[in-house]
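Here is the structure we will look at, set down as structure tokens.
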Amino acid sequence: MNSDNILVKLNNVGFRQNEKYLVEGVSLQVEKGKIITLIGPNGSGKSTTAKIALGIYKNIEGSVETVSYTHLRAHETEADIVCRLLLEK
């Protein structure tokens with residue numbers, strides 16, 4: 001796998017709210033042009049994981065690596081570029 005194709009990479013990510021882990025120990029990567037699905041029961045952290053990957057939640061444990069900001073268009077946020085690049089072929 002070419003690292004140039006990676007849009008976002010989560011490394012042992014955790015997120016706590018009120019001292020309770022909503023997500024703990026998640027690692028994954030999303031490649032350009034690929035579709036991934038997070039499957040699990042209600043309350044298992046699917047939406048929280050997506051929000052972490054999109055940069056909505058900042059107070060996290062672990063690390064999130066995203067594409068270079070040189071790819072950002074003037075009006076785009078980090079979440080915008082991840083969504084745009086996921087849709088490109």
Side-chain angles (χ1 to χ4, degrees):
M1 170 189 339
N2 185 346
S3 63
D4 291 340
N5 290 332
I6 297 174
L7 296 177
V8 63
K9 184 174 183 179
L10 279 58
N11 299 302
N12 200 30
V13 168
F15 180 74
R16 284 192 275 188
Q17 198 169 52
N18 299 325
E19 300 303 315
K20 179 184 175 192
Y21 275 100
L22 301 181
V23 169
E24 184 178 18
V26 174
S27 296
L28 64 86
Q29 61 187 29
V30 179
E31 297 175 47
K32 184 176 180 178
K34 301 290 182 183
I35 298 172
I36 64 163
T37 304
L38 298 176
I39 300 173
N42 291 347
S44 62
K46 301 176 301 290
S47 295
T48 301
T49 300
K51 289 175 182 178
I52 291 168
L54 291 171
I56 294 170
Y57 291 149
K58 302 288 185 188
N59 254 357
I60 63 165
E61 297 174 1
S63 65
V64 177
E65 301 171 33
T66 58
V67 294
S68 168
Y69 286 104
T70 59
H71 294 96
L72 282 175
R73 295 176 180 161
H75 62 282
E76 285 183 318
T77 65
E78 185 176 71
D80 292 330
I81 190 171
V82 171
C83 291
R84 177 173 55 85
L85 291 174
L86 281 172
L87 296 172
E88 287 181 0
K89 294 192 180 209

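Linking Ile, Leu, Val, Met, Phe, Trp and Tyr residues whenever their side-chain heavy atoms come within less than 4.5 Å leaves Y21 and L28 in two separate clusters.
With values rounded to the nearest 0.5 angstrom, L22 atom CG is found 13.0 Å from I60 atom CD1. Atom CG of L7 is separated from atom CD of Q29 by 10.0 Å, given to the nearest 0.5 angstrom.
Side-chain contact check for V26 versus I52: every heavy-atom pair is 4.5 Å or farther apart.
Put simply, the side chain of K9 never gets that close to the backbone of S27: no donor and acceptor are under 3.5 Å apart.
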Using residues 10-17 as the side-chain source, report each donor-acceptor pair under 3.5 Å to any protein atom, sequence neighbours left out, with the distance given to one decimal.
{"unit_1": "N11", "atom_1": "ND2", "unit_2": "S63", "atom_2": "OG", "d": "3.1"}
{"unit_1": "N11", "atom_1": "ND2", "unit_2": "E65", "atom_2": "OE2", "d": "3.0"}
{"unit_1": "R16", "atom_1": "NE", "unit_2": "E61", "atom_2": "OE2", "d": "3.3"}
{"unit_1": "R16", "atom_1": "NH2", "unit_2": "E61", "atom_2": "OE2", "d": "3.0"}

